[in-house]
Amino acid sequence: MSDSETSPPMPPAGGHARLLPPDAGRDRPLFAVAAILVFLACLAALGARGAWTSSDRWMNDLAGSLTVQVRPVDGRNADEDASEAARLIAALPDIESAEARSRAESEALLEPWFGAGGLPADLPVPLLVDVELSNPDILPVEDIEAVLAEAGIDATVDDHGRWSDAVARASHLARMLALGLLTLILGAAAAVIAFAARASLAARRDVADALHIVGATDAYIAGLFERRFFGLGLKAGATGAGFAALIAILVAVGGGNADAMYFLPELVFAPVEIASLLAAPLVAGAIAALSARLAVSEELRKRW
Amino acid sequence: MTETGVNPFPQSESEVIVRFDAVGMRYGRGPEILKDVSFELPRGSFTFLTGPSGAGKTSLLRLIYMAHKASRGVVQHFGHDTAALRRKDLPDLRRRIGVVFQEFRMLDHLSVFENVALPLRVAGQKRSAYAEDVAELVSWVGLEHHMESRPATLSGGEQQRVAIARAVVNQPELLIADEPTGNVDPDMARRLLRLFVELNRLGTTVLIATHDLTLVRALDAPVMSLADGRLTFRERAA
């Protein structure tokens with residue numbers, strides 16, 4: 001188009017500039033909120049995972065064992081009865097091991113209720129035999145009762161069914177609570193991002209209008225906001241997950257502090273948990289991007 | 001000069017770029033801004049749109065560049081009834097229309113070069129494919145030394161030329177300019193008008209909205225006049 005015979009004008013070097021102008025610090029509060037939500041979500045996820053692992057462990061422990069109570073009988077030595085019971089039980093099929101607990105160990109179990117030395121020496125205290133099963137699916141309760149009755153030992157067998165049901169219900173509740181909390185936090189994060197994306201679009205209406213006029217599609221404009229909020233979600237996710245990892249490490253290192261454990265979810269720091277924390281920024285970015293895209297697309301559809 | 005209430009642009013063998021038939025327009029539930037507006041813009045025509053402030057010129061232009069829907073009547077762009085178009089079809093039609101706004105509507109965080117290249121970038125073209133053409137166009141409007149300047153650092157006339165370059169960079173079939181000389185001195189106004197005439201000579205249909213009668217009288221072009229939302233026609237300005 002130029003009629004100049006001199007050298008043609010040179011385009012400036014460099015690549016594309018961003019079509020959305022820099023946020024100039026406007027996104028900082030959103031970044032903080034998103035990072036806090038990701039931090040809480042990570043803690044909830046770790047807590048959920050901890051509840052899952054713990055309940056599995058409890059259920060496995062309960063399912064793979066039996067407890068035999070050997071009651072003292074006049075004229076017989078209770079300790080000897082317990083040892084004999086353990087020996088007889090260990091000889092049965094499907095039994096991994098059987099170990100008799102002494103009277104001192106039984107008293108120790110009762111100590112929280114009666115205090116140290118609170119039991120008279122002549123009080124008949126049932127003695128316990130811990131039985132580990134080689135196959136948790138087979139409960140040889142009748143075999144044990146039969147062999148002990150034959151030996152004249154007064155004993156009852158507890159297959160933990162009463163406890164395992166309660167533990168199953170409690171662990172299921174704990175899992176559901178943790179997952180519910182995680183879902184709520186992620187939902188809150190998505191809602192906050194959607195709100196921020198709408199505000200961002202309103203603040204950049206001039207850009208959106210200019211792009212529309214030159215023929216940009218809704219998807220193109222929404223994509224600009226999607227990429228911006230993906231980046232924000234990614235950074236906020238990394239920050240939040242980093243702090244959550246720090247907390248998990250501190251809890252794992254100081255896990256012996258029983259008082260703290262009453263107030264903190266059981267945090268486990270294993271490969272699955274590490275992978276979850278590493279994935280958190282990507283998940284946060286994806287949620288932010290999707291929320292922004294949906295919100296901006298909905299706003300754009302209101303225009304013509 | 002003849003003034004009538006009928007469309008002086010008869011349907012000819014040439015393709016009609018824009019056709020309005022008994023069009024009314026209102027914002028929300030407000031009063032009707034445009035009333036029974038009917039006209040056609042044939043391909044290759046050069047037309048002025050005049051009228052006092054508040055007459056509805058900008059609203060009419062918004063209908064033409066598809067920033068708003070008509071409340072009633074028929075609006076056709078390039079033979080398509082826009083009311084029947086799906087939303088996803090609009091960007092393709094908008095790319096066939098270049099718009100020069102009175103307030104320029106530049107993206108201030110982008111350079112002159114990037115602003116001019118915006119329609120091509122939005123259309124998905126690679127920078128390497130258009131960089132030289134855009135640079136040549138920027139040079140054509142006399143801003144070769146401001147290629148990397150931000151629009152806010154330019155004078156009104158310079159910004160107007162950036163806006164014109166952006167509007168024509170993808171060789172639109174229809175060029176709309178809203179008060180293009182409103183922010184420039186008379187000498188610059190004449191130069192801009194020559195620019196529009198040159199674009200029209202190259203085949204672009206041009207519609208200029210202005211209340212600058214000096215500009216209108218400078219050309220032997222049809223004039224559409226808006227008053228109180230109604231359109232009247234004069235076949236020639238002088």
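Quick note on labels: first sequence line is chain A, next is B, and so on, each numbered from 1. None of these values were measured; they are calculated from a predicted model.
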If I measure from the heavy atoms of chain A, does [X] come under 4.5 Å with its side chain, its backbone, both, or neither?
| X | value |
| --- | --- |
| B:Tyr130 | side chain |
| B:Val99 | side chain |
| B:Ala131 | both |

query: Any residues in residues 221-235 of chain A near chain B, with a heavy-atom distance under 4.5 Å, and which are they?
result: none

- prompt: Atom CZ in B:Arg95, atom CD1 in A:Ile213: separation rounded to 0.5 Å?
  reply: 13.0 Å

- request: Measure the CG-CE distance between A:Asp206 and B:Met106 for me, rounded to the nearest 0.5 Å.
  value: 12.0 Å

query: If every non-hydrogen atom of A:Ala216 is compared with every non-hydrogen atom of B:Pro91, which pair is closest and at what distance?
result: O-CG, 3.9 Å

Any chance [atom1] of [X] has more than 12 other-residue heavy atoms, nucleotides or ligands included, within less than 6.0 Å?
| X | atom1 | result |
| --- | --- | --- |
| B:His211 | NE2 | no |
| B:Phe78 | CZ | yes |
| B:Arg72 | CZ | yes |

- prompt: Does A:Ala210 offer a backbone N or O that forms a donor-acceptor pair with the side chain of B:Arg105 under 3.5 Å?
  reply: no

- prompt: Counting distance only, does the side-chain N/O of A:His212 pair as donor-acceptor with the main-chain N or O of B:Arg94 below 3.5 Å?
  reply: no

query: Can you find a pair of side-chain heavy atoms, one from B:Leu118 and one from A:Leu19, that are under 4.5 Å apart?
result: yes

message: Salt bridge or not between B:Arg87 and A:Asp218? Use side-chain N to carboxylate O under 4.0 Å.
response: yes

statement: Note: vs chain A, highest number of non-hydrogen pairs under 4.5 angstrom among B:Arg121, B:Glu132, B:Glu144 is B:Arg121

Which atom pairs, donor and acceptor, lie under 3.5 Å between side-chain atoms of residues 183-198 of chain A and protein residues at least two apart or in another chain?
unit_1   : atom_1 : unit_2   : atom_2 : d
A:Thr183 : OG1    : A:Leu179 : O      : 2.8
A:Arg198 : NE     : A:Glu299 : OE2    : 3.1
A:Arg198 : NH2    : A:Glu298 : OE1    : 2.7

